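Order of listing sets the numbers, starting from 1, for every ligand and every atom in it. Please read all numbers here as calculations on a predicted model, not as lab measurements. Scope of the values below: all heavy atoms of this structure, side chains included, with no hydrogens, waters or symmetry mates.
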Amino acid sequence: MGAIKENISKILNSIPANVKLVAVSKTKPNEAIIDAFNCSQKIFGENRAQEMQKKYNEINLPIEWHMLGHLQTNKIKYIAPFVSLIHSVDSFELLKEINKEAFKNNRTINCLLQVFIASEETKFGFSESEIFGMLNSDEFKNLHNVIICGLMGMATYTDNKNQIRKEFNNLATLFNKVKSGFYKNNSEFCEISMGMSGDYKIAIEEGSTMVRIGSAIFGEREYFKK
Ligand SMILES: *Cc1c(COP(=O)(O)O)cnc(C)c1O
């Protein structure tokens, strides 16, 4: 408990009060989540649908569960009844399937559009023109069970701080463009999810409203799972 508590309060002290902290608990046991919850942490992020569903079923606490990882359409059903926010909507097809599952569960699901901002080929996400194309389409306007709450991005895994800053800056610029083009008078479109353990301070300087932090809270993961 000691280390998790210390890590969370250190992070909370270093981020502005309006920036939300998502504690990324992927691969970590329920006990770690419960420890963090007992330090007033309410938002937890996972990157695999079945792992998140299992933890949701086992941990009986009022947690806000956020999905961060690439979602296959056939896995949406595992999280659709309870997920609070899906950060990783990376295609129109996926958004349509999330809408269907939300409808089946008689709810609306909050979503962020994941934007491809990195120079790596392995990262998922929309391009700028794909986002504008989707938001302009009639098909999009007929999706009544999803709410677009903002954008999410992951910077390149590099030591080059200027590059990371540039990528976050590009995401914030795109957010402002989408906001003024489509969501000007819509207060729901308000989140820029960017920043992880290694780069969240830069992300906040560039306008992040939500940081997703795993290893700086829970320690290194035993094996790499993106
Ligand atoms: C794992 C993960 C994080 C957290 O990474 P850390 O470096 O451990 O803070 C954040 N965002 C996404 C999408 C992730 O998959």
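Phe92 has its ring centre no less than 6.0 Å from the ring centre of Phe126.
Counting atoms of ligand 1 from 1 in the listed order, those under 4.0 Å from a heavy atom of Ile213 are 9 (O). Near Leu68, the atoms of ligand 1 lying under 4.0 angstrom from a non-hydrogen atom of the residue are 13 (C).
Residues Glu64 and Lys42 have side chains not in contact (no heavy-atom distance under 4.5 Å, counting atoms from C-beta outward). Between Lys77 and Lys104 the shortest side-chain heavy-atom distance does not fall below 4.5 Å.
Shown here is Asn142, whose CG atom has more than 12 heavy atoms of other residues, nucleotides or ligands within 6.0 Å.
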Stepwise side-chain contact (heavy atoms from CB on, under 4.5 Å) check, Ile148 with Tyr183: CA-CA 9 Å; Ile148 307 299; Tyr183 295 101; 3.4 Å; yes
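Residue-level proximity to ligand 1 for His87 is absent, since no heavy atom of it falls below 4.0 angstrom.
At a 4.0 Å cut-off, not a single heavy atom of Glu220 sits close enough to ligand 1 to count as contact.
Taking any N or O of Gly214, backbone or side chain, at least one lies under 3.5 Å from an N or O belonging to ligand 1. At a 3.5 angstrom cut-off on N or O pairs, Arg212 counts as close to ligand 1.
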